[in-house]
Structures are given as structure tokens and as C-alpha cells.
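Counting convention: from 1, in listed order, for ligands and their atoms alike.
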Amino acid sequence: MSKTAYVRTKPHLNIGTMGHVDHGKTTLTAAITKVLADRGTGAFVPFDRIDRAPEEAARGITINIAHVEYETDTRHYAHVDMPGHADYVKNMVTGAAQLDGAILVVSALDGIMPQTAEHVLLARQVGVDHIVVALNKADAGDEELTDLVELEVRDLLTAHGYGGDSVPVVRVSGLKALEGDPRWTASIEALLDAVDTYVPMPERYLDAPFLLPVENVLTITGRGTVVTGAVERGVVRVGDKVEVLGASVETVVTGLETFGKPMEEAQAGDNVALLLRGVPRDAVRRGHVVAAPGSVVPSRRFTAQVYVLSAREGGRTTAVSTGYRPQFYIRTADVVGVVDLGEVAVARPGDTVVMTVELGRDVPLEAGLGFAIREGGRTVGAGTVTAVV
Ligand SMILES: Nc1nc2c(ncn2[C@@H]2O[C@H](COP(=O)(O)OP(=O)(O)OP(=O)(O)O)[C@@H](O)[C@H]2O)c(=O)[nH]1
Ligand SMILES: [Mg+2]
């Protein structure tokens, strides 16, 4: 672990790029780091270091979620570059669950595509309240066509409750900005200004007991097991006792880092790595939750309001009934659950229904928590927990 400590000088936010495959999310992410590196408030992260897992290079699509950090004049950001490929939308849900705002990347050449719409729907569901649009590849697009794409994107956002008329839509070229073309580096500056001003600093629940949904688990040779993720609430310090829900382990945090920089204390919103004393690597998984001991009681039964996606939105073509067993994506967890629709008994695509769910295992639940429902690799529903039973 490197030695320069993290110094908190600016408010920290978590943002990310989402959008259809090949619309330019990773190129744009690299371009943002380049523009800010030239300004002196970040380090350039080239495309191939963002799109870096071996599995990805082989298939040429973003599968794992990559994080980079940078600063604007007013803020410090952790930025996650989310995958666009349909098979990996579940990774997108994990990433979006921790975002304060998102940059929706839409190719000005192609317009809205299936994952553009799916990502907007999922973002809404997992609680991303602010979206800024990057109309990418504007270097290659024709202006009238781009105008149409912009209208189409604003309509899509309005349809999902984002107030499409007031959402900033910035025409950019990640590719040309990476090449240093001044017209297009200016477009990236404009995009960052839009993010700085349009995405508000969210309220951080610093006084609540510590909770972090585990996004990834790794081993540091000679030091032990590390879990990473964004702190959902509270504060954690080196030396604090924590419990890992899902693994049923109590342990102590022996190290804390953000982007390779050690810190004494992490707080709600921070994207961190936690070194856990004496926890075997295979005891902890993505989807587990690290929390202050005794602060949450995991459970498996809850009631929820659920929207069943229509076929046009990529959902099912047939109704679901009591006994249906899809996967539930809750925070970073992916758990099977059985649906009970009560007296209604049947829910058709396009319906909003109340259901009781019995999950296959206990997870920390609370009223207001958003989740996605998936089946056979596609999203079929989106809901909010109304009560824990
Ligand atoms: N003309 C032009 N091409 C671009 C621009 N941005 C990206 N591209 C090209 O579009 C293709 C896809 O870019 P990526 O950045 O890999 O797209 P992505 O959205 O990250 O793709 P996935 O991660 O697979 O979903 C590449 O060939 C890029 O060079 C742009 O601003 N202008
Ligand atoms: Mg990518």
C-alpha cells in the first residue's frame, strides 16, 4: 500500500459513465482524465488501463467495473466506467447502486439503443437522482441528426422521471479530446462543469452506524483480505470492530485506503478498500455487507412495490404469477427470491404490483431500498422495498 495519505480538501462524489455498448464510455472516461491531468488536478488514465481486465481485452467489451479518480476545481470524484454489454448489466446495477450522479453516454451517430434505455431505468431504480448526458461522437455526427438524438434522449429521461428538459446535454468527442483537439477538450471541460453544477452534493449520513456493501474482494499477499466499495453511511476508522453480514464474521478493520492512499477514517460516500483482520479470502463475497456490529439485522421476507417491464422495454412477453423465482439485485447482492402476488395472483408486463418476496438467504433490508429483478440475463422488473416482514 502506498504511503502518501489521502487529504480531504474537497467534497467527494461518486459518478460514472453508463450507456449502450460502443457508444464511447471508456474513451470518454480516458478523455476526462486527460483533460484534468492537463489542468493539473488528476492523473491521465489511458483507455487500455481502464478497459483492463484480461477477460475484457479478449472480448473487447467492458465487463468488470473500472474506477478512476480525479478532481475538478471544486470536487473530488471517484468515477466508475460501467459496462454497456447486455450480458453484464448486472455489473452495471452493482456500480450504479453507489452513484451520486451519472453521465449517460449516447452516441450522436446511433441515438438511443436498448441498453441506453435499460441503464436509465435501472439508474432510476437504484436511486441515481441526477443524470448529465454526453452526446458523444459529435465530431462525426451531422448537426440535424444530433438535434434529433438530443430530443429523443430528453424524452427518454422525462419518461423515467428525470425532468429531461432541464437535464444538461453536452455534445462531446471523447476521441478527439484524447487526441488533444482544443475544440473537443473544451467540450469535456463543459461536460465537467455541467456535472459540477448539476449534480448536487448528496446528504451524507455520517451519524448513522457504518455500512458498506461489498463490491469486490481481493487478497494482498502478506496482509490479508481486502473488501472494496462505497461507504453507504456512517464513518469507519482503523481499529474499528465490524461484522460481515453474509459471512457471519466479526473482525477489525486494520487498514483503510482510497485509490491507493491510506486514510485514518472513511466516511459515507467514500470509495474505499478495507483491510480485514484474519478473514479468509473465500469467506467474503460481493453482495455481503460490512457494518457496525449489531447495527443491522438481515432478513429475507419483504413487501415491495414492483414495476414489471413491458416487452418493449426489454421485459417479459408473458405474465408472472405467484411462485415465480427470479434473481433480486439488492445493493451489490444478487439473490434468488420467490414471489407471492397475494389475491392479485398475476402481474402482466407493464403492470405495477405489490408483492411479498421470500429471498433465498438473509440480506440487510430496509424500507425505501431500490432493487432490480432479472431473469435469464435480462431485467424484467424494478421495485422498492415497502416493509420488512
Ligand atoms: N468518432 C468517434 N469515435 C469514438 C468516440 N468515442 C469513442 N469512439 C469509438 O467508439 C468505439 C467504442 O468506444 P469505447 O470507448 O470502447 O465504447 P464503450 O462505450 O466503452 O464500449 P463498452 O465498454 O464495450 O460498452 C471505439 O472504436 C472508439 O474509438 C468519439 O468521440 N468519436
Ligand atoms: Mg467500455
The answer for which part of T26 has a heavy atom under 4.0 Å from ligand 1 is both
Do any side-chain atoms of residues 199-208 form donor-acceptor pairs under 3.5 angstrom with protein atoms, and if so which ones, sequence neighbours left out?
| unit_1 | atom_1 | unit_2 | atom_2 | d |
| --- | --- | --- | --- | --- |
| R204 | NH1 | D100 | OD1 | 3.1 |
| R204 | NH2 | H12 | O | 2.8 |
| R204 | NH2 | D100 | OD2 | 2.9 |

Do the ring planes of Y70 and Y77 sit parallel (below 30°), tilted (30 to 60°) or perpendicular (above 60°)?
tilted
Could you give the distance from CG (L211) to OG (S295), rounded to the nearest 0.5 Å?
6.5 Å
Quick check: does L175 get an N/O under 3.5 Å from an N/O on ligand 1?
yes
Check each of K25, Q115, H20, M18 against atom 18 (P) of ligand 1 and report the one with the nearest heavy atom.
K25
Quick look: D81 vs ligand 1, heavy-atom contacts under 4.0 Å, and the answer is neither
Would you call W184 a ligand 1 contact, heavy-atom distance under 4.0 Å?
no
Side chain of T322, backbone of L341: donor and acceptor closer than 3.5 Å?
yes
Ligand 1 to D139, heavy atom cutoff 4.0 Å, flagged ligand atoms 1 (N), 2 (C), 30 (C), 31 (O), 32 (N)
To check you understand the geometry: which heavy-atom pair defines the closest contact between V132 and Y198, and what is its length?
CG2-CD2, 3.8 Å
So if I count the atoms of ligand 1 from 1 in the order they appear, which ones are less than 4.0 Å from some heavy atom of S173?
30 (C), 31 (O), 32 (N)
So, does K137 use its side chain to make a donor-acceptor pair with the main chain of G24 at under 3.5 Å?
no
Below 3.5 angstrom, do we get any N/O pair linking L28 and ligand 1?
no
Verify the distance criterion only: is there a donor paired with an acceptor across the side chains of D81 and T26 at less than 3.5 Å?
yes
Got an N, O or S from T27 under 2.8 Å of the Mg ion (ligand 2)?
no
Check whether any N or O atom of G24, backbone or side chain, sits under 3.5 Å from an N or O atom of ligand 1, and answer yes or no.
yes
T27 N/O to ligand 1 N/O under 3.5 Å:
yes
Under a 3.5 Å threshold, yes or no: a donor from one side chain and an acceptor from the other, between D270 and T258?
no
Do S107 and H20 meet the criterion of a side-chain donor-acceptor pair at a distance under 3.5 Å?
no
Pull out every atom of ligand 1 sitting under 4.0 Å from any heavy atom of V21, numbered as shown with elements.
24 (O), 25 (O)
At under 4.0 Å between heavy atoms, which part of K137 makes contact with ligand 1: side chain, backbone, both or neither?
both
